[in-house]
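First the structure, in the form of structure tokens, and then the observations on it.
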Amino acid sequence: MLQMENISKVYRTETVATHALRDFNLHVQSGEFVSVTGPSGAGKTTFLNIAGLLEQFDNGRYMLDGISVSGLSDSARSKLRNEKIGFIFQGFNLIPDLNIYDNVDVPLRYRGFGRKERQRRIDKALEQVGLAARQKHLPSQLSGGQQQRAAIARALAGEPAFLLADEPTGNLDSIMARQVMELLEQINSQGTTIIMVTHDPDLAHRAQRNIQIVDGEVADFHGFNATAAAV
Amino acid sequence: MFEFGPIVRTLWRNKTGAILIIIQTALTLGIVANAAFVVDQRRQIIERPTGIDDQHLFSLQLAPLSETSFSYQDVQRDLHEIRRLPGVIDASFSNTSPLSNSGSSSDMTNEEDPQKPMAAMVDLYSTDSHGLNTLGLTLLSGRFLEEQEVTASSSFEDGSNSIKAVVLSRSLADKLYGKDVDPTGKLLNGLPVVGVVASAMVSYVAPGYTDGVAFIPRFATNYPPNYVIRCQPQQCEQLMVKVPELLEKLDPNRMVRNVRTMADNKHNSYRRDRSMVVMMTATIILVSAVTGLGIVGLTLLWVNQRRKQIGIRRALGATQLAIIRYFLLENVVITGIGIVVGVIISLAINQLMVQHYSMTALPVSYLLSGMVAVWLLGLLAALMPAWRTIRISPALATRNI
């Protein structure tokens, strides 16, 4: 599903070069639920950005669902991102001026689906996260947990190959965090691959496998069940 | 692919900026369409053909140093000598400098049918038998004035009874006798009509001031005469020096003044029209610039306000082109609404101008051209700020800003 080999990324200013990732290697299989942890500044966000095709890397090889992403044009990366990846952000990142229905609709429009197909997928995704009755609400009219569920519905509607979650419970209280985590586990149990960046060790241990990043490298990995593997 | 629905709903929730641009766009269309119409009308007036050979004509006026009356024999002598100069095609006297927008005018009435008299405002242009060739007029029927028909009198009233012939321009004949009717041989206000020439502007260029020209063979002895000289190509400049020298030699007791080409006369006569063209053009440019800058400013503001949102959209799969398209479509929606309101304002402004300034109604073509121009203005103004969105990285979506 996701294979990174010797990925490196350096941020340069006129005076300083910061190695965000060095010879980073990771192999995530289809259907896995992988948590990524590490101290602040370790390179988690850079990993997430590169994995999600939001940022280019300097060296190495990255295969996403069998496609080498090196050298792809911006347009091709956008298309791949739209088709293969669902994003869940810490701050939900819903578009405040659009209601929940229109928010879920955003990636589907970029996909080029017709109106009926979009409606079918939106209804299904909102049903799945329990927000079918709130589709006409604006994000500001929902609680934090509901907003994150709406964001998950947006990520799921495109039926992506995997979900990238960036601190999905970071802005939620413990009850809502548990609900969102249960939802992610439920989604994973239906076959969707999930990579979740988190600071929370309890949440990290609920994943099948935990990758720890320190100074831009995979420092350790823990297999929480027998199906996980890391390179 | 196109996001009209979400764009309209988003604008509905953020009305203030959009409403300002809608009002600005509407006013721009109203002003631009009407101003363009005025500019075009004035340009048509300025550029319409005069019907005389204005590129090769100049005129001058004689002023006495002591005497207060002029002898027609002296005028005949002067013109005879002028015609002999190399480069002169012909020369004649006149009561005014052609195209100067000043002269004599009078009401004339065709009273052939007492039940239905036809009246017209007439440009009375005094000249001699050389007037036809000097002005470069085209004779349509009958004949032009003859030398022996010229009468010299101290005033029009004194001389009007002795005027032996009158030649009408076609536009005047149309007004007095009907379209294409030949009035040759008829009497007009007691004057025998001897011919018709093609329509031309002679004394006046102000549109609608007169209905046409009546050429009469009358020399006013109490009024400084004008000489009109037709030159061969590229000869006018030299002749404008030589002719005054010649006239001074022939009689030093007079002054030659107002030596002007017809281009000078036209330039002066159309001064107000040209000022109006400049003023209206400046208005169009200014209003368009203000609106364009307003759209640039608002789109820039929206782009900056929505940097995070653009990053999110990019993360969700929007291409750079899709983001640019979003902002341009948003602009199309706003200017589209502005244009609809603008059409109503244009028609209202025009109605006011028709009522209070006797203008003609705004043709639909100006409205359509104005709509296209304002729409393009909006698109162009939004293009630069929209283009800046390509610099926004999708990685912005994962930053907590």
Side-chain angles (χ1 to χ4, degrees), chain A residues 44-56 73-99 101-115 136 138 140 151 154-155 157-158 160 164 166-167 170-171 197, chain B residues 1-19 298-299 301-331 333-334 386-401:
Chain A
K44 299 190 299 294
T45 302
T46 303
F47 158 73
L48 190 85
N49 286 345
I50 289 173
L53 307 181
L54 303 178
E55 225 173 314
Q56 302 269 22
S73 67
D74 186 86
S75 170
R77 290 166 69 85
S78 297
K79 188 169 186 289
L80 199 58
R81 200 157 55 225
N82 180 260
E83 289 176 0
K84 302 283 184 190
I85 307 169
F87 284 98
I88 302 166
F89 303 99
Q90 179 178 358
F92 323 134
N93 281 356
L94 295 169
I95 295 169
D97 297 322
L98 298 180
N99 64 28
Y101 184 97
D102 283 338
N103 261 286
V104 178
D105 195 21
V106 169
L108 304 180
R109 283 179 181 269
Y110 296 136
R111 191 82 162 265
F113 288 134
R115 187 182 175 144
K136 295 297 173 195
L138 289 172
S140 59
R154 182 176 66 185
L164 270 178
D166 180 18
E167 301 277 7
N171 284 8
V197 171
Chain B
M1 188 176 176
F2 296 107
E3 300 176 76
F4 276 111
I7 284 171
V8 170
R9 288 192 283 278
T10 300
L11 289 174
W12 187 249
R13 292 184 186 109
N14 299 281
K15 296 185 202 66
T16 314
I19 287 174
L298 188 73
T299 314
L301 177 73
W302 281 347
V303 166
N304 286 329
Q305 280 178 340
R306 297 185 205 164
R307 286 178 65 81
K308 176 82 172 179
Q309 189 188 122
I310 292 165
I312 295 166
R313 286 178 180 272
R314 295 277 285 122
L316 297 175
T319 58
Q320 291 168 333
L321 190 65
I323 298 293
I324 292 170
R325 191 175 59 212
Y326 180 92
F327 280 96
L328 293 184
L329 272 176
E330 194 171 60
N331 178 270
V333 170
I334 293 172
W387 195 258
R388 288 167 67 119
T389 60
I390 66 170
R391 295 186 202 157
I392 297 173
S393 163
L396 202 64
T398 58
R399 286 180 206 149
N400 294 318
I401 52 169

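Excluded from the calculations below are hydrogen atoms, water molecules and symmetry mates; all remaining heavy atoms, backbone and side chain alike, are included. Below, read A as the first sequence line, B as the second, and so on, with proteins coming before strands; counting in each chain starts at 1.
Looking at R313(B) and V106(A), their side chains come closer than 4.5 Å, going by heavy atoms from C-beta outward. You'll find the side chain of P394(B) stays beyond 4.5 Å of the side chain of R77(A), heavy atoms only. Annotation: side chain of N93(A) is not in contact with side chain of Q309(B) (no heavy-atom distance under 4.5 Å). You'll find the side chain of E3(B) stays beyond 4.5 Å of the side chain of D102(A), heavy atoms only. Side-chain contact between R314(B) and Y110(A): absent, with no pair of heavy atoms (C-beta onward) separated by less than 4.5 Å.
Here N14(B) contributes atom CG and D97(A) contributes atom CG; the two are 4.5 Å apart, rounded to the nearest 0.5 Å.
Heavy atoms closer than 4.5 Å to chain B are found in both the backbone and the side chain of S75(A). Contacts of R154(A) with chain B are made by side-chain atoms alone, with heavy-atom separations under 4.5 Å and no backbone atom involved. When heavy atoms are compared at a cutoff of 4.5 Å, A322(B) approaches chain A solely by way of its side chain, counted from C-beta outward. Using a 4.5 Å cut-off between heavy atoms, L98(A) contacts chain B through both its backbone and its side chain. Within the 4.5 angstrom heavy-atom criterion, only side-chain atoms of L138(A), from C-beta onward, approach chain B.
Residues N49(A) and A395(B) approach most closely at ND2-CB, 3.9 Å, considering heavy atoms. Closest non-hydrogen pair, S78(A) versus A318(B), comes out as OG-O, 3.5 Å.
In the displayed structure, R13(B) atom CZ is contacted under 6.0 Å by more than 12 heavy atoms of other residues, nucleotides or ligands.
Each of I312(B), L11(B), L321(B) has some count of heavy-atom pairs under 4.5 Å with chain A, and the biggest count is that of I312(B).
Remark: the backbone N or O of L316(B) is paired with a side-chain donor or acceptor of N82(A) at under 3.5 angstrom.
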